[in-house]
Every structure is written in structure tokens, then in C-alpha cells.
Amino acid sequence: MEGSHVTGFSDRIRRRPALAGFVAALVLTAGCTLPAFAPRAESEGEAAAPGAAPTWRACPEVPDELVGRGAAGMRYDCARIAVPRNWGTGAATGATAGPGAGETFEIALIRIRSNKQHDRIGSLVVNPGGPGASGVDTAVYLSFGPGFGGLPADVTDRFDIVGFDPRGVARSSPVKCIPDADLDASFGYDPDPESQASFDGFVALNRRVGQRCGGKYGDQLPLYGTEQAARDMDAVRAAVGDDKLTYLGYSYGTLLGATYAQLYPQRVRALVLDGAVDPQQKLIAGSESQAKGFERAFDNFSRWCAANAGRCPIAPDARAAVTTAIDKARVSPVRGRDGREATAGWVFYAVISSLYTEQGWQELARAVDALQGGDPTGVFKLADAYAGREDDGHYSNLFDANMAVNCADETEKPTREQIRSLQSQWRQKYPLFGPALAVGMLGCVEWPGGRDPYPTGKAAGAPPILVVGTTGDPATPYEQTAALASMLGVGRVLTWEGEGHTAYPQTPCVTAAVDAYLVSLTVPREGLRCPAR
């Protein structure tokens with residue numbers, strides 16, 4: 001599935017971490033230059049054995065490292081638990097045979113508690129998506145409250161906020177097998193390799209990455225899949241002492257939550273699934289859905305640009321300006337201060353990055369305008385924020401984990417010839433994003449190892465599950481919202497008529513509906529639509 005370009009472009013953007021705009025605002029306020037999703041050192045301390053109670057320790061260094069300080073009135077505690085690498089049939093001790101049998105992964109947790117907490121309901125477990133993004137980091141960001149786009153006091157006063165890094169991610173037995181040089185090559189590669197030689201070069205790049213990761217992890221690669229991670233999430237629920245799970249999942253986190261609901265419907269208290277992934281879409285259908293979603297979001301940006309020429313220096317025709325910038329970068333890329341060239345790929349990913357939040361539109365317009373004047377700084381800033389690339393050229397393991405999870409999940413494996421044909425077809429239908437979404441499927445096509453698909457059925461016996469969709473969402477297009485709710489059988493759709501990727505807690509209408517559901521289990525009325533402002 002929410003696949004590059006080395007890491008599988010279609011999946012990479014479908015499951016891109018939420019909260020990018022919030023993180024940017026918080027980093028600016030805190031005066032911190034640390035990348036939003038930079039790699040984190042593993043927490044100290046022994047991991048609790050499978051099924052054992054964890055040992056919590058104060059960890060103020062985590063928010064200090066991320067944003068320079070902790071949120072006022074919040075206490076931060078960390079722990080580690082061990083989970084079976086291979087859950088097998090779901091027994092607490094894991095599989096007795098097969099890859100990973102008898103071995104464990106360590107899962108890093110953070111628990112954030114307000115000193116104003118009262119009438120505690122339990123824990124709110126959060127996941128930001130990716131796959132590959134850190135839930136520990138996200139919990140920290142959310143703890144800063146509404147002034148920074150974080151959780152409202154109505155929630156933090158009643159719940160502990162619990163973040164976890166899923167298996168293979170950041171602090172949780174991280175998977176790392178893609179060199180920085182290959183990631184640079186991936187992001188910088190032409191997003192539409194039109195000549196056969198260019199296409200073949202991209203195939204070779206993806207094959208090299210697959211061989212390297214397969215050589216390192218072998219038959220354990222399928223153990224990074226979503227169903228295994230959902231079973232880990234039940235271990236997290238038990239570790240924090242809750243009989244039933246209360247959960248907030250963004251983007252790919254909706255797939256993780258939906259999988260949990262199918263495996264453990266009787267252990268669900270409340271699930272908020274924001275930025276829905278349709279679990280029933282296979283690789284080709286999902287990639288085309290995203291191509292359509294990003295084209296639609298870019299059209300919305302273009303209309304905004306034409307109507308706001310004073311704030312958009314590439315008005316009146318933003319599409320022509322961006323297309324020209326990418327075309328020029330193919331033949332004469334501008335060199336940045338660090339010697340890196342702003343190739344067509346880097347310009348393209350700057351565009352992708354900017355569409356995750358409406359606030360990114362003006363930044364994109366300025367970056368493209370500056371690029372036309374010979375300054376690629378803005379383009380690299382946007383693209384690097386998306387890629388998780390630090391100033392020294394080092395990457396976190398975000399996209400290593402992204403590949404491992406997406407390719408473990410994906411059962412559809414189109415041929416290179418099919419992908420080449422779709423590249424041409426989608427160039428006509430979705431000219432800016434279609435070709436890249438097509439060739440992005442090469443990531444999982446060239447990925448080794450078996451597959452471990454997640455379930456795609458009803459959450460029979462679960463209470464109502466809130467599925468939130470944004471009409472202008474590029475990465476998880478709005479049409480997937482109703483599809484996920486319908487598949488689960490107990491889904492209730494909440495619509496935000498806004499822009500960008502994910503909705504909560506961005507407007508009073510969305511916030512009030514989600515808060516009432518989390519705190520009081522009040523399900524929004526059928527068909528509730530919240531205005532953009």
C-alpha cells in the first residue's frame with residue numbers, strides 16, 4: 001500500500017507522517033533547527049519481557065532533544081517492552097517455528113501526563129503514520145497543546161498521551177539498510193524517467209536497494225508488516241494497564257488501527273482514524289488514487305495562487321511555473337551552497353512536501369520563484385523536510401522502515417512492463433504526479449522476501465469507530481474515507497472540507513466532534529461535515 005523511488009513512491013506519500021505543519025510551527029517557536037523526524041537515540045533501560053509490566057523512568061531529555069523543552073505542566077516518562085518478532089497465531093509467546101521464532105523486538109514507549117489531569121479515563125495511544133514515523137516524537141509534539149496545533153486540554157486532562165515507535169522504527173529495533181547515497185540518488189532521480197535508459201537506471205537503483213536489505217535481514221523482512229505491528233499495539237495497551245484501547249491514528253496509522261480492530265474488536269474502546277487508507281486497494285489502484293489526489297490538491301493550490309497574486313509570486317499560472325521549473329532542472333539544475341544540484345527530483349519533492357498543509361502553498365510559490373532566480377535554498381528546505389534529510393546529508397531510518405512495512409504488506413507485484421505502460425498512461429491523465437506514482441511501484445517490485453498481508457474485513461463486535469477525511473487531502477484521498485468506514489462495518493465518517501493531509505485538531509468543528517468521541521464516546525451524527533474555517 002499509504003512504494004522511489006527507492007522506497008516505493010506511492011506508499012511513501014500515502015503514509016507520510018501527519019503533523020508536518022505543526023512541527024514546523026513548534027520548531028520555529030522553540031528556536032530549534034532539529035529536523036522534525038530526525039533519528040533518535042535509543043532510550044536507556046532494560047525492555048520488559050513479553051507480558052511483563054514495564055519500568056517507567058523520567059525522560060525529559062526526549063522533548064529537550066526534539067524541540068528544546070518540554071511542554072509546561074507535562075511529565076514525560078519512557079519505557080521499553082519486548083514483543084515476539086513473530087506473533088504467529090497471536091499467542092503471547094509468539095510463533096514456535098519460522099523466521100524470528102523465539103526472538104524479540106524492543107518497542108519504545110513514552111507516556112505524557114498533565115499535572116492538571118483529573119477523572120482519568122486511561123491512555124490515548126497515538127501513531128503518526130509513515131509507516132516509519134515516530135509515535136514517541138508525535139506524542140511529544142501533541143503535548144504542547146492547541147497553541148501549537150497539539151491536543152486540547154479536554155483530552156490531555158483526561159488521558160495519558162502514549163506514543164510508541166512501531167517495530168523497525170526510530171528507537172524500536174530500527175531497520176536500516178539503505179545508504180544515504182542511495183536515498184540521495186532516489187530523491188534526486190527524474191520523477192518521470194522517460195527514456196528507456198533512464199527507466200532502466202531507476203530499476204537498477206531499486207534492485208540494488210532490495211538486494212542490500214535482503215542481504216541484511218533475509219527471511220525476517222516480512223516480520224515488519226502491519227499485522228505484526230498491530231499485535232504489538234495490543235502489547236502496548238496491556239503495558240499501560242488499559243482493558244480497552246483508545247487510539248488516535250493518522251494516515252498509515254489508520255491502517256494500523258483498522259487492523260487492530262479486526263484482530264481485537266472486543267478490546268476497542270474508541271479509535272479515531274484520521275486520513276484514511278483504504279485497506280482493500282492493491283498497489284496499482286492505490287497508486288492511481290494518489291496520483292488523482294495530488295493532482296486535485298495541486299489544482300487547489302493553483303486556484304489559490306491565481307486568486308492571491310500578492311502572496312504567490314508565480315501567479316497567475318502556478319502549474320506552468322512548476323512544470324517549467326522541473327523541466328529546466330532536468331537539463332540545467334541549479335547548484336546549492338552545499339554543492340548539491342536541485343535536479344528535477346528535488347524540485348518535484350518540494351512540490352509534494354508543500355501539499356501536505358495549506359500553509360505550505362505560499363512557501364512553495366516562494367521557493368519556485370527563488371529557484372528561477374538561481375537560489376534553490378527554498379526547494380531543498382521543502383524537499384529535505386519531506387525526506388527527513390539533515391544538513392549533513394544523513395537520513396533517519398524513516399524510509400528504510402517505510403519500505404520494509406509497505407513491501408511486507410503488499411501482495412500485488414506488477415511487472416516492469418506493466419509499470420512502464422502505466423507511466424505513459426498516467427502521464428496523460430495526471431501529468432504532474434502520474435508518472436512518478438507509476439514508477440514508484442518499482443520499489444516493492446524489486447524488494448525481496450515474502451509477504452504478510454493484513455486482514456481486510458469487518459471489525460465485528462467493535463464499537464463505533466470514527467473515520468475522519470479531508471476533502472482536499474492529497475496523500476490519502478477523501479474517497480478512501482467512506483471505503484474504510486464501510487469495510488470495518490462500524491465506521492462513522494466525519495468530513496472536513498479543508499486542505500492538506502489529516503484534519504484533527506485543526507478547526508473547532510472537527511476538534512469538538514473528535515473530543516466528544518474520545519472523552520464521552522459520543523459518536524458524531526451521520527454525515528457531519530465541518531467547514532474549512
Side-chain angles (χ1 to χ4, degrees), residues 4-7 12-13 16-17 19-42 61-69 128 130 132-134 136-138 140-141 148 165 169-171 174 176-189 209 325 329 333-357 359-360 362-364 366-371 373-402:
S4 325
H5 284 105
V6 159
T7 59
R12 195 159 66 186
I13 56 179
R16 174 71 165 89
L19 307 174
F22 161 68
V23 171
L26 185 57
V27 167
L28 284 173
T29 302
C32 175
T33 59
L34 196 66
F37 299 103
R40 311 295 171 209
E42 299 219 8
E61 72 278 3
V62 175
D64 286 350
E65 179 188 7
L66 285 169
V67 295
R69 62 183 174 89
S134 167
V136 171
D137 293 3
T138 300
V140 171
Y141 300 140
F148 298 101
D165 290 349
V169 174
R171 308 165 184 82
K176 185 63 180 171
C177 54
I178 307 177
D180 293 338
D182 282 347
L183 285 166
D184 268 351
S186 169
F187 283 110
Y189 212 93
V209 167
V334 178
R335 190 177 298 275
R337 297 169 192 163
D338 63 355
R340 188 171 30 145
E341 292 185 336
T343 61
W346 288 113
V347 178
F348 178 78
Y349 280 105
V351 178
I352 289 290
S353 180
S354 71
L355 295 179
Y356 276 85
T357 66
Q359 292 77 14
Q362 189 171 12
E363 190 173 358
L364 174 63
R366 290 173 174 168
V368 172
D369 183 56
L371 182 67
D375 181 6
T377 304
V379 162
F380 283 132
K381 179 182 176 183
L382 280 167
D384 289 354
Y386 174 80
R389 187 185 193 273
E390 299 181 42
D391 290 341
D392 62 1
H394 179 65
Y395 290 82
S396 73
N397 88 316
L398 171 60
F399 291 112
D400 308 72
N402 184 281

Please check: side-chain N/O of [X] versus main-chain N/O of [Y], any donor-acceptor pairing under 3.5 Å?
X	Y	answer
K176	S396	yes
S134	A170	no
D165	V136	yes
N402	G130	yes
S353	L382	yes

Nearest 0.5 Å, what's the CG-OG1 distance between D338 and T377?
9.0 Å
Nearest heavy-atom pair of [X] and [Y]: which atoms, and what distance?
X	Y	result
P333	A342	CB-O, 3.5 Å
S354	L364	OG-CD2, 3.2 Å
V347	A325	CG1-CB, 4.4 Å
V169	G132	CG1-O, 3.2 Å
N397	P174	ND2-CB, 3.5 Å
A367	G378	CB-C, 3.6 Å

Assign the ring pair Y386 / Y349 to parallel, tilted or perpendicular, where the plane angle (0 to 90°) is split at 30° and 60°.
parallel
Is there side-chain contact between [X] and [Y], with heavy atoms separated by less than 4.5 Å?
X	Y	result
L371	V334	yes
V62	R171	yes
L66	E61	no

F187 and F399: CA distance, side-chain angles, deciding distance, side chain to side chain contact (heavy atoms under 4.5 Å, CB included) verdict
CA-CA 11 Å; F187 283 110; F399 291 112; 3.5 Å; yes
Is there a side chain to side chain contact (heavy atoms under 4.5 Å, CB included) between F348 and T343 once you walk through the steps?
CA-CA 9 Å; F348 178 78; T343 61; over 6 Å; no
How would you list, by chain and number, every residue that makes a salt bridge (Lys or Arg N to Asp or Glu O under 4.0 Å) with R335, sequence neighbours excluded?
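With neighbours one apart ignored, the set is E341.
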Among residues at least two apart in sequence or on other chains, which ones pass side-chain contact (heavy atoms from CB on, under 4.5 Å) with D384?
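Checked D384 against side-chain contact (heavy atoms from CB on, under 4.5 Å); matches are R340, W346, F380, R389.
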Using the side-chain hydrogen bond (donor to acceptor under 3.5 Å, both in side chains) rule, take D400 and Y395 through it: C-alpha gap first, then chi angles, then the decisive distance, then the call.
CA-CA 10 Å; D400 308 72; Y395 290 82; over 6 Å; no
